[in-house]
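To start, I am sharing the structure in question, which I have written as structure tokens.
As the structure is a computational prediction, the values presented were derived from the model and not from experiment.
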Amino acid sequence: MLYNYLITALRNLKKRLFSTIVQSLGLAVGLAVFILVQIIASYEENFDTFFAQSDRIYSVYVEVRPESGFGLKSTDGVHTALQPVLSIDVPAIEKSARLMGRELMVRSGEQKFYESMLFADPDFLDIFDLEFMYGDAGSVLQDPTSVILSESMAAKYFGDANPLGEVFTIETRHELQVTGVFRDLPPNSHFTSSITREGSFDMVATTDALVKIAEFDPQGSWTSLSSDNMTYVLLPEGADPQDFEEQLEVISAKYLNDEIKEYMSGFGLRPLRNMNLFLWETTGIPAMAAIRLLGLIILLIACLNYTTLAAARGLSRLHEMGLRKSIGATRRELISQLLIESITLACIALIIAVVLTILIIPVIGELIDRPISLQLLHSPASMGGLLLLALVTGLVAGGYPALVISRVRIPHALRGETGRIGKRNVIRNVLLVIQYTSAFVLVIAVMVTFAQNRKLQSGSFSYLRDHIVNVFRMSNPNIAPHYDVLRAEWQAIPAVELVTVSSQVPFEQRHNMVRISPVSGDESRKVDIRRIDVGEDFEVVFDLDLLAGRHLSPRYGEDTYRLNADGEYAQSTVNAVINMRTVTALGYETPEDAIGKFMYEVGSEADDVTYRIIGVAEDVNFLGFHNQIHPTAFFMPEEVPRVASIRFSSGNLPATLGEIDAVWNRILPEYPIDRTFLEDAFDDIFSIFQGINAALAVFCVIGVSLAFFGLLGMTVFLTETRTREIGVRKVLGASVAGLIRMLTLQISRPVLVAVILAAPLAYFAMSAYLNFFTDRVSLSLFFFLNIAVVVTVIAWLVVGIQAWRVANTSPAEVLRYE
């Protein structure tokens, strides 16, 4: 019986070849999107699983209090002082190791580059099993002067030669010897690539080497927190991470001081396989769940599209259904036949979907910079899952048409009448509402993310992003003494307007905090402020407007602070410029009220230093994106801060950059210049949100196209069932315009219901996304109405064209056999 059903199904599909092609392509697109989404989500959720002990490896993170204003729920880095106490306070942990990153100048022979070097504790290679080409994992990092390289890094410096024994000079004065070369890590590792950034895992030395190179305290620090400092733990077999998190709470209570606890609530463990998803986890955006849901929505729209088209096309089979019923076929047998056809068509669509996925995967992989591949065919279980997907899709898509078509009575079917098909339109309208609601939500999601991205692009420093070049490492002891000469020569370049220096430039996620009070020693009025060290003309380079007072200037002695040999202030009063947010936090009503007032550092060794407010600047979000505008104070140090910012006018950019580089190479030939555009700092984070918008746009185009195609199918279905009614109405004097209005309004009701349902759904979904941003677009009623009007008008056009065709049919053609 099943074989006969299958043969009949194939014959019917071949007989209606055009309809089969249209319906299978619609399903194939939905299935291809669904499969592709599952591949991408699975890839992102399974990073670092190639490590043998990956299921037992966790990274320690810091939980951030919501009131801290960081904009994140947790960090990816942790205090460097945590790992040394783990073996004492949590002895059940099998292994633990820090991995700390620093960008340093590396020289080998005549080659010199700035490299992102990593420094690891001894147990690191016991936790992560690297595959070594040269050297032995058990001994390669035993010597404090040893360094191991990735296969790519070894080739960069030494070609195909065995590099063991070769020597690197770090920062012109420290030497490290190559003791091992390991295979490059696969791209699906948080060490080399993540959603938030491109990583580097090419040069690893010991913690002892970091002690010598950067004067690092091997016991670490409980006050400094950086994403460059990671701590990994290897838990025992079968251990419950929750038990260890409870022990970490004891450590946080024991070692974190009260000041830190106001920002950090404790420590937690993040599974290694989820390290790549740090950004989404810590912002509360369920990105992977959302992308899987979007894929399911597209598949649902494709199924509903098939359903409406199948119901419409099924009207041409009424004679067949009536004839089969008249010779004894039961309704159950007819439903089985129609479902077999639907499942067969779904299997054909699945084959097309797999082919489409194979063809499009390289393009998608290049767009999202991920080496994804179709590995579903490599596993019998995956193949079974795909077949099950086709079965479910066929049943869902073909169920309603099978029930509708098989319900027609024999007399009506043999006369080609639709009977009551189309009269009971509740199910039909529900399908249309679901389909159109899904498409409308996608349209709103795209428009909201697009509007938010436009707002980010036009936010603070938008004009300056491609007019400022940042040169790093200015605070290096061998570079800082040359800053004045560099600045003078850079400013002599015709296209260069001004040069300044600072400890932080816009969009850098750095948090240098200091606690102050308007009353000396009064911690009850303390205010946590961001501290930024700046040089002369900082406010001009970055267009920082002044609300009251004056800017810092080296012409005034107390504007420049100095440090003694112990790193303490060499003067009792230091001038500062604060932003308006600080004015409010200190309790002053206007910027003018704050001028000349004093601030006092509390809770530190500098509480005997007085800060005098000499100026109030406008509020500007230096961190950008998800960060709030914080109380901020600007100071002018005697020492040169870390970044020089060169502002230039429009013109011949390559020539200007060449002149900037030439000045550096002439004055500091020993050091390569390390420069980037301010635009690059913005793009490092903004590219994530651009990717979200692009992905949503693709989903939207596919989903809306399928929805309108389904709407057209539903219109065909409706008009075909009412052809005789329309003929009678025309004979009785109904006008074409009236008939078009009648048909259009009937279809428009479920469309309008879909619009009403989609608006709140989209509002809540996109509000959760927008909550991530401090500076965000507002979701007004006018915004939703505009989108609703546009989408509804398009729907009317789709329906109106078909209604016009049917309304213009001659009554004689319809009623001549009545």
Side-chain angles (χ1 to χ4, degrees), residues 68-69 221 223-224 257-260 262-263 475 500-504 510-539 542 544-620 622 629-642:
S68 66
S221 168
T223 59
S224 177
N257 60 40
D258 293 338
E259 180 179 348
I260 296 175
E262 292 188 12
Y263 300 97
S475 58
T500 190
V501 70
S502 62
S503 60
Q504 180 174 352
R510 301 173 66 90
H511 300 271
N512 187 5
M513 307 290 297
V514 62
R515 179 163 293 174
I516 62 170
S517 172
V519 180
S520 179
D522 186 359
E523 294 198 21
S524 64
R525 299 185 61 184
K526 63 189 176 185
V527 177
D528 296 313
I529 65 172
R530 264 63 175 175
R531 175 189 181 120
I532 299 179
D533 286 340
V534 302
E536 186 178 9
D537 293 329
F538 176 85
E539 71 284 354
F542 289 101
L544 194 64
D545 292 335
L546 198 66
L547 303 179
R550 63 176 178 83
H551 284 293
L552 295 165
S553 172
R555 296 191 299 272
Y556 300 92
E558 289 186 339
D559 280 12
T560 303
Y561 75 81
R562 302 165 187 81
L563 301 177
N564 57 30
D566 297 326
E568 299 175 348
Y569 286 107
Q571 62 212 80
S572 59
T573 303
V574 176
N575 290 344
V577 172
I578 61 176
N579 66 348
M580 189 61 201
R581 195 64 60 95
T582 309
V583 171
T584 304
L586 293 175
Y588 302 115
E589 294 185 2
T590 66
E592 291 76 13
D593 292 340
I595 301 301
K597 300 300 192 299
F598 295 95
M599 305 181 298
Y600 305 89
E601 196 166 334
V602 295
S604 73
E605 298 178 357
D607 55 6
D608 58 341
V609 176
T610 301
Y611 300 123
R612 180 191 292 115
I613 302 172
I614 64 165
V616 176
E618 64 174 336
D619 285 333
V620 176
F622 268 82
I629 297 178
H630 299 281
T632 305
F634 301 93
F635 299 89
M636 182 172 286
E638 182 179 51
E639 296 182 350
V640 179
R642 52 182 286 272

Would you find more than 12 non-hydrogen atoms of other residues, nucleotides or ligands less than 6.0 Å from Glu592 atom CD?
yes
Atom pair CD (Glu539) and CG (Asp545), whose distance is rounded to the nearest 0.5 Å:
10.5 Å
What's the spacing between Lys597 NZ and Ile595 CD1 if we round to 0.5 Å?
9.0 Å
So do Tyr600 and Thr610 actually touch side chain to side chain, heavy atoms under 4.5 Å?
yes
Which atoms form the tightest heavy-atom contact between Ala594 and Val616, and what is the distance?
CB-CG2, 4.3 Å
Under 4.5 Å between any side-chain heavy atoms of Asn579 and Leu544, yes or no?
no
Within-4.5 Å side-chain heavy-atom neighbours: Pro591 and Met580
yes
Applying side chain to side chain contact (heavy atoms under 4.5 Å, CB included), can you list everything that pairs with Asp559, at least two apart in sequence or on another chain?
Arg550, Leu552, Ser553, Tyr556, Asn575, Ile614
At what distance, to the nearest 0.5 angstrom, does OH of Tyr569 lie from CG of Asn564?
11.5 Å
Taking it one step at a time, do Ile532 and Phe635 satisfy side-chain contact (heavy atoms from CB on, under 4.5 Å)?
CA-CA 6 Å; Ile532 299 179; Phe635 299 89; over 6 Å; no
Considering residues at least two apart in sequence or located in another chain, which fulfil the side-chain hydrogen bond (donor to acceptor under 3.5 Å, both in side chains) criterion with Thr590?
Asp593
Sequence neighbours excluded, which residues qualify as side chain to side chain contact (heavy atoms under 4.5 Å, CB included) partners of Pro641?
Val501, Ser503, Asp533, Pro637
Taking the side chain as every heavy atom from C-beta outward, state whether Pro554 and Met636 have any atom pair closer than 4.5 Å.
yes
Could you tell me how the ring of Phe538 sits relative to the ring of Phe634: parallel (under 30°), tilted (30 to 60°) or perpendicular (over 60°)?
tilted
Contacts of type side-chain hydrogen bond (donor to acceptor under 3.5 Å, both in side chains), residue Ser502, not counting sequence neighbours
none
Filter on salt bridge (charged side-chain N to carboxylate O under 4.0 Å, His left out), then keep only pairs touching residues 609-620, sequence neighbours left out; what's left?
Glu558-Arg612, Arg581-Asp619
Measuring only between side-chain heavy atoms, which start at C-beta, is Ile613 closer than 4.5 Å to Leu586?
yes
Residues at least two apart in sequence or cross-chain that pass salt bridge (Lys or Arg N to Asp or Glu O under 4.0 Å) with Glu589, listed by chain then number, are none
Tyr588: ring pair (Phe, Tyr, Trp, His ring centres under 6.0 Å) partners, not counting sequence neighbours
none
Carefully, step by step, assess Thr500 and Val534 under the rule side-chain contact (heavy atoms from CB on, under 4.5 Å).
CA-CA 8 Å; Thr500 190; Val534 302; 5.6 Å; no
Quick one: pull up CZ in Arg562 and CD in Glu638 and give me the separation to the nearest 0.5 Å.
5.5 Å
Arg525: partners by salt bridge (Lys or Arg N to Asp or Glu O under 4.0 Å), with sequence neighbours left out:
none
Are Gln571 and Tyr561 linked by a side-chain donor-acceptor pair shorter than 3.5 Å?
no
Listed partners of Ser221 passing side chain to side chain contact (heavy atoms under 4.5 Å, CB included), at least two apart
Thr80, Thr223, Ser224
Is the shortest side-chain heavy-atom distance between Thr632 and Phe622 below 4.5 Å?
no
State, yes or no, whether a side-chain contact exists between Ile578 and Met599 at a heavy-atom distance under 4.5 Å.
yes
Applying salt bridge (Lys or Arg N to Asp or Glu O under 4.0 Å), name anything that partners Glu536, two or more places apart in sequence or on another chain.
Arg487
Under the side chain to side chain contact (heavy atoms under 4.5 Å, CB included) test, residues paired with Leu546 that sit two or more places apart:
His551
